[in-house]
Amino acid sequence: MSTLLIWFVFMSLNILLKTGHCTRIRDEILSITPKTEEQVDILKNVSTEYKTVLWQPASAEYIREEMQVHLFVPANSSGTVKDLLKKHHITHEVLLDNANELIELQMRNASSDPRSSSTFYERYHTLEDIYDWINRTAQDNPRTVKAILIGSSYEKRPLYVLKLSFNDRPNKTAMWIDCGIHAREWIAPAFCLWFIHYSLSFYGQNTDITHILNSMDVYILPVLNPDGYKYTWTGSEERMWRKNRSISKATNCIGVDLNRNFDANWCTKGASHNPCSEIYCGEFPESEPESQAVADFLRRHKDTVQLYVSIHSYSQMLLFPYSCTLEEAENHSDLLEMAQEAAQNIRRYYRNTYRYGAGAATIYLAPGGSDDWAYNLGIKYSFTFELQDRGNKGFLLPPSHIAGACNEALLGVKIIALKVIEKTRAPTGHSTI
Ligand code: 0X9
Ligand code: ZN
């Protein structure tokens, strides 16, 4: 009798394993490329009506035929979503099936893993840790680093800009870098910290950064969207949050896409008036305290700031104005040449490909962005970097990739800054008279 029972249990287990009914379904990222208009509509519907999160593109409105779509599908929606895709003959590929492990890995930091051999800059940090780091960095470098409070977020968190200034040369220009306008793009704040640490460590050692810092002050805002960033640290469901956390009067939906809230063809095609959309433009341009603080600061410093850089992820791209119109910027060929040189060097030194071009022509029309707004303000060198990767780990880039992602982007920023210095250098007074 007992032999029979053992045999029965063994056979059942075997069947379960073979049919896969036993394997635990986990959160996944699917890559889907719709081939027809009908498939586009189905996919738009899946990504809005079911409990999924679009990773790429940022919103369903952007989905087109032949576009590679990355969709985060939580375990409990997996069956329904896959059945629907199958029913409409839409094929998919699983990009990631260990999202939860990657989220855990990203959240593991110094305090929870003291044996880790990676440095502070090779880990992701909570907002509190970043605030502490900002204070410490300003305190430890009183001659070169100043923390400037430029405003506060919707939930009243401070927005600190670090000013790096290595000398008081007359007619000094400046560059601006902001990180973390989109909450889930964790590699962005990590880059801002990386850049500051690199500048403080290699000034006087590396010729390029020394030349840059001798010619320009640098204003760096490590976390432009602190409320959103804080929220992404509260759990794996919240990890995919993109917008800020402002409450809309009209609906239950939360958040404005801060990169649609600037006054550059505000809320035209490529942004949405719907507060529930991932690309909600807000009630009016600069309705959000975060974008207003940045815009006010840049308006006050527009005569010195020559270069604007905004750090995002993912997809490895180097974008420049315009994103809010298909028209070319007046210095398009200059911007293209600079982006090309940066991308070529990244390829040469890091064997990684960055696509580059004007935003609207390279990815999609996306009005109300900070880069276009800064450009129209008169900052004629304006770039958005989309850091690693090219679509496997996406927002869940493991800590072990931080160094590579930041170093290649840093090279890109240095090349562009050197070009700006060269192009804007005041003519040396060789008078012909
Ligand atoms: O859509 C965006 O805001 C950026 N891509 S992301 O995937 N990080 O969301 C691209 C920004 C390009 N610039 C402007 N739209 N102005
Ligand atoms: Zn972004």
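Each ligand, and each atom within it, is numbered from 1 in the order the structure gives. This one's a predicted model, so the numbers in the text were calculated from it and none came from an experiment.
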Find all atoms of ligand 1 within a distance of less than 4.0 Å from any non-hydrogen atom belonging to [X], and give their numbers and elements.
| X | value |
| --- | --- |
| Arg260 | 1 (O), 2 (C), 3 (O) |
| Ala366 | 14 (C), 15 (N), 16 (N) |
| Ser313 | 8 (N) |
| His312 | 8 (N) |

What protein heavy atom sits nearest [atom], and how far away is it?
| atom | value |
| --- | --- |
| atom 11 (C) of ligand 1 | Asn259 ND2, 3.4 Å |
| atom 16 (N) of ligand 1 | Asp371 OD1, 2.6 Å |
| atom 9 (O) of ligand 1 | Arg242 NH1, 2.6 Å |
| atom 12 (C) of ligand 1 | Ser323 OG, 3.7 Å |
| atom 8 (N) of ligand 1 | Glu185 OE2, 3.0 Å |

Modelled atom types, side-chain donor and acceptor of [X] and [Y], under 3.5 Å:
| X | Y | result |
| --- | --- | --- |
| Glu288 | Ser291 | no |
| His182 | Tyr229 | no |
| Thr36 | Glu38 | no |
| Glu408 | Gln388 | yes |

### Task
Identify the heavy atoms of Arg64 and Val40 that sit nearest to each other, and give their distance.
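Looking at all heavy atoms of both residues, the closest pair is C-CG2, 3.6 Å.
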Here the pair of heavy atoms bringing Gly151 nearest to Ala293 is CA-CB, 4.2 Å
Subject >> Side-chain heavy atoms of Thr210 within contact of Phe166, under 4.5 Å >> reply: no
Exercise. Do Tyr219 and Ile148 come within less than 4.5 Å of each other through their side chains, counting heavy atoms only?
Worked result: yes
Requested in this report: Could you tell me whether the side chain of Gln56 and the main chain of Val69 form a donor-acceptor pair under 3.5 Å?
Outcome: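 Not a single qualifying donor-acceptor pair exists.
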At under 4.0 Å between heavy atoms, what of Gln56 touches ligand 1? The answer is neither
So for Pro321 against ligand 1, with non-hydrogen atoms under 4.0 Å, the contacting part is neither
Kindly list each side-chain donor-acceptor pair under 3.5 angstrom involving residues 372-387, sequence neighbours excluded, with atom names and distances?
{"unit_1": "Asp372", "atom_1": "OD1", "unit_2": "Ser323", "atom_2": "N", "d": "3.2"}
{"unit_1": "Asp372", "atom_1": "OD2", "unit_2": "Ser323", "atom_2": "N", "d": "2.8"}
{"unit_1": "Asp372", "atom_1": "OD2", "unit_2": "Cys324", "atom_2": "N", "d": "2.7"}
{"unit_1": "Tyr375", "atom_1": "OH", "unit_2": "Glu330", "atom_2": "N", "d": "3.3"}
{"unit_1": "Tyr375", "atom_1": "OH", "unit_2": "Asn331", "atom_2": "OD1", "d": "2.7"}
{"unit_1": "Asn376", "atom_1": "OD1", "unit_2": "Tyr322", "atom_2": "OH", "d": "2.7"}
{"unit_1": "Lys380", "atom_1": "NZ", "unit_2": "Tyr375", "atom_2": "O", "d": "3.3"}
{"unit_1": "Ser382", "atom_1": "OG", "unit_2": "Asp371", "atom_2": "O", "d": "2.8"}
{"unit_1": "Thr384", "atom_1": "OG1", "unit_2": "Asp371", "atom_2": "OD2", "d": "2.7"}
{"unit_1": "Glu386", "atom_1": "OE1", "unit_2": "Ser313", "atom_2": "N", "d": "3.4"}

The complete set of ring pair (Phe, Tyr, Trp, His ring centres under 6.0 Å) pairs with one or both residues in residues 338-363, sequence neighbours excluded, reads none
| said: Quick check: Glu386 and ligand 1, any N/O pair under 3.5 Å apart? | reply: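 Yes; at least one N/O pair falls below 3.5 Å.
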Can you confirm, on distance only, whether ligand 1 has an N/O atom lying under 3.5 Å from any N/O atom belonging to Leu319?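 Between Leu319 and ligand 1 (N or O atoms, distance only) the closest approach is not under 3.5 Å.
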Heavy atom of Tyr364, distance to ligand 1 below 4.0 Å
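Within the 4.0 Å threshold, so yes.
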Discussion item. Tell me whether ligand 1 is touched by Cys324 - counting only heavy atoms on the residue side and a distance under 4.0 Å.
Written reply: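 No, Cys324 has no heavy atom closer than 4.0 Å to ligand 1.
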Counting only heavy atoms not in Glu327, do more than 12 fall under 6.0 Å of its CD? no
Under 3.5 Å donor-acceptor pairs involving side-chain atoms of residues 93-105, not counting sequence neighbours:
{"unit_1": "Asn100", "atom_1": "ND2", "unit_2": "Asp27", "atom_2": "OD2", "d": "3.3"}
{"unit_1": "Glu101", "atom_1": "OE2", "unit_2": "Arg26", "atom_2": "NH1", "d": "2.7"}

Nearer than 2.8 Å to the Zn ion (ligand 2), the protein contributes N, O or S atoms numbering 4
